[in-house]
Structure formats: C-alpha cells, structure tokens
Amino acid sequence: MKITHSFDSPRNIFEKLIRDSEALDIRVNGDNMMNFVCTSFHMLEWLKKSPITDTEQGKRLLKKAQKEDWMRTCK
C-alpha cells in the first residue's frame, strides 16, 4: 500500500515535522537534519500565509511557534 501525505495545511506540515524529528532521533545524518531544519523553517511561513491566522487560535499558534527556541535555531 502506498502512503501519501498532503501538504496543504499547517497541520500537515507539523505532522511532517514530527516524522522528520522521529527520523532524526533514529538516525542522525545530513539528510535527516536537512529535512527537519527545512520543514521547521518553512512551517512558520505556512502558518503566516494560512487562513487560520485570521482566527484567535491561529494567532496564538503563530506567536507560540515564533517563540520556540528550536524554530529560531532552524531559521
């Protein structure tokens, strides 16, 4: 069975970030590190451009994500 992932919402990007983090926990290498850093960096952009940022919950999520140390480090 083929597993496909959709990347059309911030939640999908966050789920990818979790998968990237799990892969990095299993094996530290350049590919896994690059995937994690790139996904982290671009997740903020997805949040900023998402329609959910017009909601109070979306604004809180973006604010929280911008304060995370690991997000700033990846940026």
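- Q57 has its side chain within reach of R60: a pair of non-hydrogen atoms, C-beta onward, lies under 4.5 Å apart.
- The number of heavy atoms from other shown groups lying within 6.0 Å of NZ (K48) is above 12.
- Note that OG1 of T55 and CG of L62 are 10.5 Å apart. Values are rounded to the nearest 0.5 Å.
- Between the CZ atom of R19 and the NZ atom of K16 there is a distance of 7.0 Å, given to the nearest 0.5 Å.
- The backbone N or O of R27 sits less than 3.5 Å from a side-chain atom of N32, completing a donor-acceptor pair.
- Taking all atoms of both residues into account, the shortest heavy-atom contact from T53 to L47 is CG2-O, 2.9 Å.
- Under the 4.5 Å side-chain heavy-atom criterion for Ile, Leu, Val, Met, Phe, Trp and Tyr, F41 and M33 are members of distinct hydrophobic clusters.
- Listed here is the closest heavy atom pair of L24 and V28: O-CG2, 3.4 Å.
- Here the side chain of S40 pairs a donor or acceptor atom with the backbone of F36 at under 3.5 angstrom.
- L61 CG to F14 CZ: the interatomic distance, rounded to the nearest 0.5 Å, is 8.5 Å.
- Going from atom CD1 of I13 over to atom OG of S50 covers 10.5 Å, rounded to the nearest 0.5 Å.
- Rounding to the nearest 0.5 angstrom, the gap separating the CD atom in E22 from the CG atom in L17 is 10.0 Å.
- Linking Ile, Leu, Val, Met, Phe, Trp and Tyr whenever their side-chain heavy atoms come within less than 4.5 Å puts L44 and I18 in one cluster.
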